[in-house]
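The structure is given below, and queries will be raised subsequently.
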Amino acid sequence: QVQLVESGGGLVQAGGSLRLSCITDERTFSRSVVGWFRQAPGKEREFVAASKWDGESASHANSVRGRFTISRDDAKSTVNLQMTNLKPEDTAIYSCASGFVYADPWSERLVSYWGQGTQVTVSS
């Protein structure tokens with residue numbers, strides 16, 4: 001069973017920054033796409049960012065491009081999502097996900113495993 005454990009959520013003012021982290025086992029990390037989705041209250045879950053297993057390809061949703069950056073820490077089998085210039089509309093539960101097929105943009109249909117999610121709240 002693949003485990004994805006998120007950390008780093010919280011409350012921040014608009015314009016602030018947060019970094020989310022998703023740690024998994026080394027096997028999953030080295031062979032999978034790992035990415036992030038988010039779901040705001042009353043809205044459908046949407047793609048945020050994803051990183052291919054080789055670390056050479058990454059995808060970001062249009063809504064976050066230029067503000068959010070996904071990266072991989074090989075030594076810690078961790079995928080980070082650095083979020084800057086946060087806006088109230090970024091408020092959502094952010095979930096880490098992994099899968100075996102990469103696409104740009106990545107899709108829920110390609111996700112095999114999900115993390116529990118972490119709350120990000122941006123106040124105005």
Inset, instruction - Apply salt bridge (Lys or Arg N to Asp or Glu O under 4.0 Å) to Glu46 and list each qualifying residue two or more places apart in sequence or on a separate chain. - result: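 If we apply the salt bridge (Lys or Arg N to Asp or Glu O under 4.0 Å) test to Glu46, skipping adjacent residues, the hits are Arg38.
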Legend entry - From OG (Ser17) to CG (Asn85), nearest 0.5 Å: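 That separation rounds to 8.0 Å.
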Legend entry - Same apolar cluster: Phe68 and Val120, side chain cutoff 4.5 Å: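 As far as the 4.5 Å side-chain criterion goes, Val120 and Phe68 are connected within one cluster.
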Inset, instruction - Work out which heavy atom in Gly117 is nearest to a heavy atom in Ile93; give both atom names and the distance. - result: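 Shortest heavy-atom separation between Gly117 and Ile93 comes out as CA-CG2, 4.0 Å.
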Inset, instruction - Only counting residues at least two apart or in another chain, list the ones meeting salt bridge (Lys or Arg N to Asp or Glu O under 4.0 Å) with Arg31. - result: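 Result, salt bridge (Lys or Arg N to Asp or Glu O under 4.0 Å) vs Arg31: none returned.
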Legend entry - For Arg19, all residues meeting side chain to side chain donor-acceptor pair (under 3.5 Å), sequence neighbours excluded: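 Result, side chain to side chain donor-acceptor pair (under 3.5 Å) vs Arg19: none returned.
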Inset, instruction - Return yes if a side-chain donor-acceptor contact under 3.5 Å exists between Thr78 and Asp73, otherwise no. - result: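 On atom types as modelled, these side chains do not qualify, holding no pair under 3.5 Å.
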Inset, instruction - Answer yes if Val48 and Val12 sit in the same cluster of Ile, Leu, Val, Met, Phe, Trp and Tyr residues linked by side chain heavy atoms under 4.5 Å apart, and no otherwise. - result: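 Linked within one cluster.
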Inset, instruction - Can you see which heavy atom on Ile70 is nearest to which on Ala58, and at what distance? - result: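 Nearest heavy atoms, Ile70 then Ala58: CG2-CB, 3.9 Å.
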Inset, instruction - Please identify each residue that fulfils side chain to side chain donor-acceptor pair (under 3.5 Å) with Asp25, with sequence neighbours left out. - result: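 Testing Asp25 for side chain to side chain donor-acceptor pair (under 3.5 Å), a comparison that skips the adjacent residues, returns Thr28.
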Legend entry - Under 3.5 Å: donor-acceptor pair, side chain of Ser32, backbone of Phe29: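 Not a single qualifying donor-acceptor pair exists.
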Legend entry - Shortest non-hydrogen separation from Ala40 to Thr91 and the atoms involved: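 That would be CB-O, 3.5 Å.
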Legend entry - Set of side chain to side chain donor-acceptor pair (under 3.5 Å) partners for Glu108, sequence neighbours left out: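 Listed in chain order: Arg45.
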Legend entry - Gap separating the CD atom of Gln13 from the OG atom of Ser123, nearest 0.5 angstrom: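 Reported to 0.5 Å precision, the distance equals 5.0 Å.
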Legend entry - Trp106 side chain to Val101 backbone, donor-acceptor under 3.5 Å: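 At least one qualifying donor-acceptor pair exists.
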Inset, instruction - Kindly indicate, with the supporting measurements, whether the criterion side chain to side chain contact (heavy atoms under 4.5 Å, CB included) is fulfilled by Val2 and Ser98. - result: CA-CA 9 Å; Val2 172; Ser98 71; 4.1 Å; yes
Inset, instruction - Examine Ile23 and Tyr94 and state if one hydrophobic cluster contains both, with Ile, Leu, Val, Met, Phe, Trp and Tyr joined whenever side-chain heavy atoms are less than 4.5 Å apart. - result: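 No.
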Inset, instruction - Evaluate the ring planes of Phe100 and Tyr113, with Trp represented by its six-membered ring, and classify them as parallel (under 30°), tilted (30 to 60°) or perpendicular (over 60°). - result: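 The rings of Phe100 and Tyr113 stand perpendicular, inter-plane angle above 60°.
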Legend entry - Trp114 vs Cys96, side chain to side chain contact (heavy atoms under 4.5 Å, CB included): CA-CA, chis, key distance, verdict: CA-CA 6 Å; Trp114 292 95; Cys96 182; over 6 Å; no
Legend entry - For Glu26 against Ser77, the heavy-atom pair lying closest together: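 Looks like CA-OG, 3.5 Å.
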Inset, instruction - Verify the cluster assignment for Met83 and Val122: are they in a single hydrophobic cluster under the rule of side-chain heavy atoms below 4.5 Å apart? - result: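 Yes, because Met83 and Val122 connect within a single hydrophobic cluster, where side-chain heavy atoms sit under 4.5 Å apart.
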Legend entry - Residue Gln3 excluded, over 12 heavy atoms near CD under 6.0 Å: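 Not more than 12 within 6.0 Å, no.
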Inset, instruction - Please name all residues satisfying ring pair (Phe, Tyr, Trp, His ring centres under 6.0 Å) with Phe47, sequence neighbours left out, ordered by chain then number. - result: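 With neighbours one apart ignored, the set is Phe37.
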Inset, instruction - Flag the pair Trp36 / Ser95 as yes when at least one side-chain heavy-atom distance between them is below 4.5 Å, and no otherwise. - result: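 Not touching, per the 4.5 Å side-chain cut-off.
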Inset, instruction - Using atom types as modelled and distance alone, determine if a side-chain donor or acceptor of Thr84 lies under 3.5 Å from a backbone N or O of Arg67. - result: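 Here the side-chain-to-backbone pair exists.
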Inset, instruction - First locate atom OG1 of Thr69, then atom CD of Gln82, and finally report the distance between them rounded to the nearest 0.5 Å. - result: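 The distance works out to 7.5 Å.
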Legend entry - Minimum-distance pair of heavy atoms, taken over all atoms of Ala97 and Val111: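 Shortest heavy-atom separation between Ala97 and Val111 comes out as CB-CG1, 3.6 Å.
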Inset, instruction - Could you check Ser21 against Glu6 for side chain to side chain contact (heavy atoms under 4.5 Å, CB included), going step by step and ending with a plain yes or no? - result: CA-CA 6 Å; Ser21 295; Glu6 302 104 331; over 6 Å; no
Inset, instruction - With the side chain counted from C-beta on, respond yes when Leu20 and Asn80 share a heavy-atom pair under 4.5 Å apart, and no when they do not. - result: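 A side-chain contact is absent here, since even the closest heavy-atom pair is not under 4.5 Å.
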Legend entry - Side chain Gln39, main chain Lys43, donor-acceptor under 3.5 Å: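 Indeed, once roles are kept as given, a pair shorter than 3.5 Å links the two residues.
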Legend entry - Nearest atoms (heavy-atom pairs only) where Ala49 meets Leu81: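 Smallest interatomic distance, heavy atoms only, reads CB-CD1, 4.0 Å.
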Legend entry - Separation of Ser63 OG from Asp90 CG (nearest 0.5 Å):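 The CG atom of Asp90 sits 7.5 Å away from the OG atom of Ser63.
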Inset, instruction - Please test Trp53 against Val34 for side chain to side chain contact (heavy atoms under 4.5 Å, CB included), starting from the C-alpha separation and ending with a verdict. - result: CA-CA 7 Å; Trp53 52 82; Val34 179; over 6 Å; no
Inset, instruction - Calculate, to the nearest 0.5 Å, the distance between atoms OG and CZ belonging to Ser59 and Arg65 respectively. - result: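 Reported value, rounded in 0.5 Å steps: 6.5 Å.
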